[in-house]
Number of protein chains: 2
Amino acid sequence: MNEQEFLAAYDPRDHPAVAVTVDVVALTIREGALHLLLVRRGAPPFEGHSALPGGFVHPDEDLIAGARRELAEETGLGGERLRRIHLEQLGSYGAPDRDPRMRVVSVAHLAFAPDLPDPAAGSDAEEALWLPVSALASRQLAFDHARVIEDGLERARSKLEYTPLATRFLDAEFTVTELRAVYETVWGHPLHPGNFHRKVLSVPGFVESTGASTERGGSRGGPRAKLYRAGDARLLHPALLRPAREETVR
Amino acid sequence: MNEQEFLAAYDPRDHPAVAVTVDVVALTIREGALHLLLVRRGAPPFEGHSALPGGFVHPDEDLIAGARRELAEETGLGGERLRRIHLEQLGSYGAPDRDPRMRVVSVAHLAFAPDLPDPAAGSDAEEALWLPVSALASRQLAFDHARVIEDGLERARSKLEYTPLATRFLDAEFTVTELRAVYETVWGHPLHPGNFHRKVLSVPGFVESTGASTERGGSRGGPRAKLYRAGDARLLHPALLRPAREETVR
DNA sequence: CAAATAGTGTCTGTTAGACAATATACT
DNA sequence: AGTATATTGTCTAACAGACACTATTTG
């Protein structure tokens, strides 16, 4: 098997033709709702359908670098703004018939971004937009991207439990209330403000105080909130667990 | 970008040549020690080095199916025995220079198996063996397989916390003590027998009693233990958390 | 002032973990 | 008999979640 592997390798033509793409499930929060970056396909197959931003991996780039490049192209971002976006590998999707043209293995990635400007329409990107996740049901999605998105959303919900990545949806400085809004938005239900506040501050390394406070209180009243930045923890211990989901366990 | 993608797709020769392999980090427990399935490479590159079992994905098989096929080929297993092995995708590894011959993206998988017979040397498999994980340091590993194994081991440790997959290292019926031995072996340190026992039985759906007990007590004395089988839970709630690892958190 | 919000205090039920105790079965 | 092991009991500290309360700010 490895002998054959070795011999075959010297003439790539002997391999079944496989293409490798990198796709990105990019999430952000706009106006209190979870949004997802989608592009509109301008050519068959799935012409006119929505799809995840992505494309063929370039010859000399790592998978994650390819994903970051695709993200940069579609969002028009670069430099520090781009670097602050959290990006991780989500998983690979390689069902033989997932692309009608040929065998394509997609290495999907997951990104958490703070609120970003609308995608630059001027670039070479096809129409790209931030779509509320709640509006996904009404969209036709290309390939198996509906499944990929589902997996990405579940991964995001799970990551918020045991990592401090919720802060990646926010700017460098944020209030506990803003952080709570991230959790409520991603998890899809309200949390108890008092308990959340105490819990966040008690987890070592989750957030650290900047010493400063917001300039103004809430738009409808209330005191000014203290400002925090992300701490140095890479895992939350103890974790912030989602309220029991007995139903989903079996 | 998608236009180009579409056009390019009709002639696979236009793509940079990429090969996709499926590799398997297969773990089992033998004589109280965690073991890993490795093969010995019989041809360059990395001739004579150890490597994960794996090979090119076949044209009409899904990624996970390819991994199961490779696992079957190397272990000589089939049917029910093969089906009981837990198999999941671990992640994809695609650094441009990870294979000196050409661009190869490896989709790694992770397998948990009960104690299995030694790999059938008669098959077309190259020399395959179960190696104690503790002996890995003394091995030369091909490609980036050392990194893949590391990631697989960490995933395994983590999965034992919040899923009932520890049972997949055991036969269909097992005692709580045997289950504890799995945790101790994978996590690498002893657990409190009394607390573990109570905890396992208190997690809904983790294990269910068969009503029977072992035929004999322990080899050095002690009562007969009750037998259990895996329950219907897919997630452990509450989870069995590893003892605090404050150090690894930052 | 009325309403909303940030942040803290208190209480209760659950859980993790240390430790102890008991009963059983091996050599 | 002596020892190891399975299983259960007890206690304590930590934690999650419910609820209440105070102080602060906006309109």
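What you are looking at is a predicted structure, and each value in this text was computed from that prediction instead of being measured. A note on names: the letters A, B, ... follow the listed sequences, proteins ahead of strands, and every chain is numbered from 1.
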Could you walk me through whether A:D23 and A:Y93 satisfy the side chain to side chain donor-acceptor pair (under 3.5 Å) test, starting with their C-alpha distance in whole Å, then the side-chain angles of each, then the deciding distance to 0.1 Å, before giving a yes or no? CA-CA 10 Å; A:D23 293 315; A:Y93 298 78; over 6 Å; no
What is the distance, to the nearest angstrom, from the CG atom on A:L201 to the C1' atom on C:dA6? 11 Å
Any A:H197 side-chain N or O less than 4.0 Å from OP1/OP2 of C:dG7: yes
A quick test of your reading: do over 12 heavy atoms of other residues, nucleotides or ligands sit less than 6.0 Å from CZ of A:R229? yes
Round to the nearest Å and state the distance from A:E161 atom CD to D:dC15 atom P. 17 Å
Distance in Å, B:K159 NZ paired with B:L165 CG, rounded so as to fall on 0.5 Å steps: 6.0 Å
Figure out the CG/P separation between B:L241 and D:dC15, and round it to whole Å. 12 Å
Just one of A:R30, A:R84, A:R168 clears the salt bridge (charged side-chain N to carboxylate O under 4.0 Å, His left out) bar with A:D115, so which one? A:R30
Taken to the nearest whole Å, CG/A:L236 to P/D:dA14 is 20 Å
Value in whole Å for how far the P atom of C:dT15 lies from CG of B:L240: 12 Å
Check whether any side-chain heavy atom of B:L37 lies under 4.5 Å from a side-chain heavy atom of B:V24, and answer yes or no. no
Numerically ordered, the residues 171-189 of chain A set in heavy-atom contact under 4.0 Å with DNA chain D is none
Taking A:T214 for its side chain and A:A225 for its backbone only, find out whether a donor-acceptor pair lies under 3.5 Å. yes
ring-ring contact (aromatic ring centres under 6.0 Å, His included) involving B:W187 - partner list, sequence neighbours excluded: B:Y183
Do nucleotides 18-27 of chain D as a string where each nucleotide becomes B, S or -: B if the base has a protein heavy atom under 4.0 Å, S if just the sugar-phosphate does, - if no protein is that close. BB----BBSS
So A:I85 and A:T28, do their side chains get closer than 4.5 Å, heavy atoms only? no
